[in-house]
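A quick write-up on the structure given underneath.
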Amino acid sequence: MKNKTLKYFILMVTILLTTFQVGCKSEEKMVSDSTYMLGTYLQLSVWTSNEAKGMDIIKTAFERIKEIEDKMSANIDESEIGQINQNAGRDYVEVSEETSELIKKAVHYAQVTDGAFDPAIGKLVKLWGIGTENERIPSEDEIRDALSFVDYRKIEFQGENKVKLSEPEMRIDLGGIAKGYAADEVTKIMREKGIKHAIINLGGNVVTLGKKTDGSSWKIGIQDPFEPTGTHMGIIEAHDQTVVTSGNYERYFIQDDKRYHHIIDPKSGYPAENGIVSASIITNSSTDADGLSTSVYVLGLDKGMKLIESLDGVECIIITEDKKVYLSSGLTGRFQIINNSFQIVN
Ligand code: ADP
Ligand code: MG
């Protein structure tokens, strides 16, 4: 083939391929549905050329989330976590591999954070009852008592998937990590079903699957901690990554002008109070991001940032009470403020 003919041939193939791609993409429509589970609002959006199939995939994903909730909720007596809690101080309970693996992961974050994250926080969470009709400020005696049963080192494992709490009043609560796990599982289902573009939003636990259909990155809004849900203070671009935020605005009550929120510091027994109002983690695994966002919230700015900088492929945005924004080193230039009352410090 002569050089000129070859060039012409390549040009034609390129044009054909481009047209074909554009043609395909334009047929992809967003299919979306929402529901309430895991104590929060969930929204799944997939882009597909087959609407019925898209709805079906979303339905399968919701069923999977329900399955995870039924296994791992500390508020359901029949759940595997419920069973471990009811047998505390007595017997080992055999649970599914995924529940046992998630407890182990939670214990891992407890070790990494020296107990700032602690899945054995259950008794304290129940005592405060934040977000439930029983929410109240417990007495100091009650807090001291509950604190003595918060210790991840007393979660015992045996054989493959047997778990036991060494003291009768200990309780496991995976609320700080289970939503991330559910988000990873949903992402897995969507990938397996051939979905190339999706946004999985489990109450602010966001996973971006692929890029947008036009090939650009998703723009994920970071909640303004001082404004109603849906008001963003900044935007981060992401694809095939998760953005998970822990904030003091998610679940709380106010008494005598003081806010009592649902992230408890296992050292004090009170809601974590160290100047942070929200911590967002950006990384590949939503399970890790969830565990880490709660961890960083409790650890505070200095220790929290140090932990994140020590981890490969993990970034964070920490917002403090005075509207200062602290970014981990990998986020420089990737996070954009849209409300100028916030100020990036580093
Ligand atoms: P959200 O559930 O709002 O996304 P988090 O991921 O930060 O927020 O999880 C908060 C939940 O984690 C609480 O509702 C409680 O169930 C649990 N929790 C609270 N404090 C801790 C802690 N120090 N370590 C582990 N889990 C915690
Ligand atoms: Mg969390």
Side-chain angles (χ1 to χ4, degrees), residues 36-42 69 72-76 79 81 85 102-103 105-132 134-135 143 146-147 149-152 155 170-184 201-207 222-223 225 229 242-253 260-274 276-283 285-300 303-304 307-308 314 316 318:
Y36 192 92
M37 269 191 283
L38 302 173
T40 191
Y41 177 76
L42 319 177
E69 178 165 44
M72 302 190 190
S73 170
N75 302 320
I76 302 174
S79 75
I81 296 298
N85 287 342
L102 194 61
I103 298 172
K105 188 134 223 187
V107 169
H108 164 76
Y109 280 115
Q111 288 161 343
V112 166
T113 61
D114 196 19
F117 184 91
D118 194 330
I121 193 97
K123 196 165 159 78
L124 263 177
V125 171
K126 258 258 155 43
L127 180 64
W128 280 92
I130 292 170
T132 74
N134 303 320
E135 59 189 18
I143 289 184
L147 262 178
F149 299 105
V150 177
D151 189 349
Y152 63 93
I155 304 176
M170 278 181 75
R171 297 289 178 269
I172 290 188
D173 180 329
L174 294 182
I177 197 165
K179 254 191 289 169
Y181 177 70
D184 282 334
N201 185 350
L202 310 188
N205 242 280
V206 177
V207 178
I222 298 296
Q223 172 67 35
T229 308
T242 183
V243 182
V244 176
T245 302
S246 284
N248 68 356
Y249 52 84
E250 301 260 5
R251 253 178 291 153
Y252 64 90
F253 66 91
Y260 297 89
H261 62 84
H262 71 315
I263 304 170
I264 313 282
D265 184 343
K267 296 256 182 311
S268 69
Y270 284 81
E273 215 175 333
N274 49 32
I276 290 188
V277 287
S278 90
S280 303
I281 308 291
I282 300 97
T283 187
S285 148
S286 208
T287 312
D288 290 334
D290 197 1
L292 284 168
S293 68
T294 311
S295 297
V296 168
Y297 196 103
V298 177
L299 282 173
K303 284 187 186 162
L307 171 63
I308 296 305
V314 184
C316 80
I318 296 174

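Owing to the predicted nature of the structure, the values given are computational and were not obtained by experimental measurement. In this chain, residues are counted from 1 in sequence order. Whatever order the structure lists ligands and atoms in, that order sets their numbers, starting from 1.
- A salt bridge is absent between D173 and K123: the closest approach of a Lys/Arg side-chain nitrogen to an acidic carboxylate oxygen does not fall below 4.0 angstrom.
- Under 4.0 angstrom from ligand 1, the non-hydrogen atoms of P266 all belong to its side chain.
- Looking at D290 and the Mg ion (ligand 2) together, the shortest N, O or S contact belongs to OD1.
- Using a 3.5 Å distance cut-off with no hydrogens or angles, the side chains of T287 and D184 do pair a donor with an acceptor.
- Y297 has its ring centre less than 6.0 Å from the ring centre of H261.
- For ligand 1, the polar-atom distance check against V125 finds no nitrogen or oxygen pair separated by under 3.5 Å.
- Residue-ligand proximity, R251 to ligand 1, at heavy-atom distances under 4.0 Å covers atoms 2 (O), 14 (O).
- The ligand atoms of ligand 1 that sit less than 4.0 angstrom from a heavy atom of D173 are 16 (O).
- With hydrogens and angles disregarded, no donor-acceptor distance shorter than 3.5 Å links the side chain of S79 to the backbone of N75.
- Nearest non-hydrogen protein atom to atom 6 (O) of ligand 1 is D290 OD1, 2.9 Å.
- For N205, every N, O or S atom stays at 2.8 Å or more from the Mg ion (ligand 2).
- Summary of contacts: the protein heavy atom closest to atom 4 (O) of ligand 1 is K179 NZ, 2.7 Å.
- Looking only at distances, no side-chain donor or acceptor of D265 sits under 3.5 Å from a matching main-chain atom of P271.
- Every N/O-N/O distance between D265 and ligand 1 stays at or above 3.5 Å.
- Among protein heavy atoms, atom 7 (O) of ligand 1 sits closest to S246 OG, 2.6 Å.
- In this model, no donor atom of one side chain and acceptor atom of the other lie less than 3.5 Å apart for Y109 and D118.
- Of all protein heavy atoms, the one closest to atom 24 (N) of ligand 1 is D118 N, 2.9 Å.
- Under a 4.0 Å heavy-atom criterion, G122 is not in contact with ligand 1.
- When atom types are taken as modelled, the side chain of D288 and the backbone of T283 share no donor-acceptor pair closer than 3.5 angstrom.
- Of all protein heavy atoms, the one closest to atom 12 (O) of ligand 1 is G176 N, 3.0 Å.
- Contacts between H262 and ligand 1, counted as non-hydrogen atom pairs separated by less than 4.0 Å, involve both the backbone and the side chain.
- In this structure, the side chain of R171 engages the main chain of N85 through a donor-acceptor pair within 3.5 Å.
- Looking only at atom types and distance, the side chain of N248 has no donor-acceptor partner in the side chain of S278 under 3.5 Å away.
- Looking from atom 5 (P) of ligand 1 to the surrounding protein, the closest heavy atom is T294 OG1, 3.3 Å.
- Residue I121 touches ligand 1 through its side chain alone, judged by heavy-atom distances below 4.0 Å.
- Between the side chain of Y252 and the backbone N or O of I130, no donor-acceptor pair lies under 3.5 Å.
- Ring-plane geometry between F253 and W128 is classed as tilted, the angle between the planes lying from 30 to 60 degrees on a 0 to 90 degree scale.
- Protein heavy atom at the shortest distance from atom 22 (C) of ligand 1 is I264 O, 3.7 Å.
- Taking OG from S246 and CG from L292, the interatomic distance works out to 10.0 Å, rounded to the nearest 0.5 Å.
- Below 4.0 Å from some heavy atom of E250 lie the following atoms of ligand 1, by number and element: 3 (O).
- Using a cut-off of 2.8 Å, one finds that K179 contributes no N/O/S atom close to the Mg ion (ligand 2).
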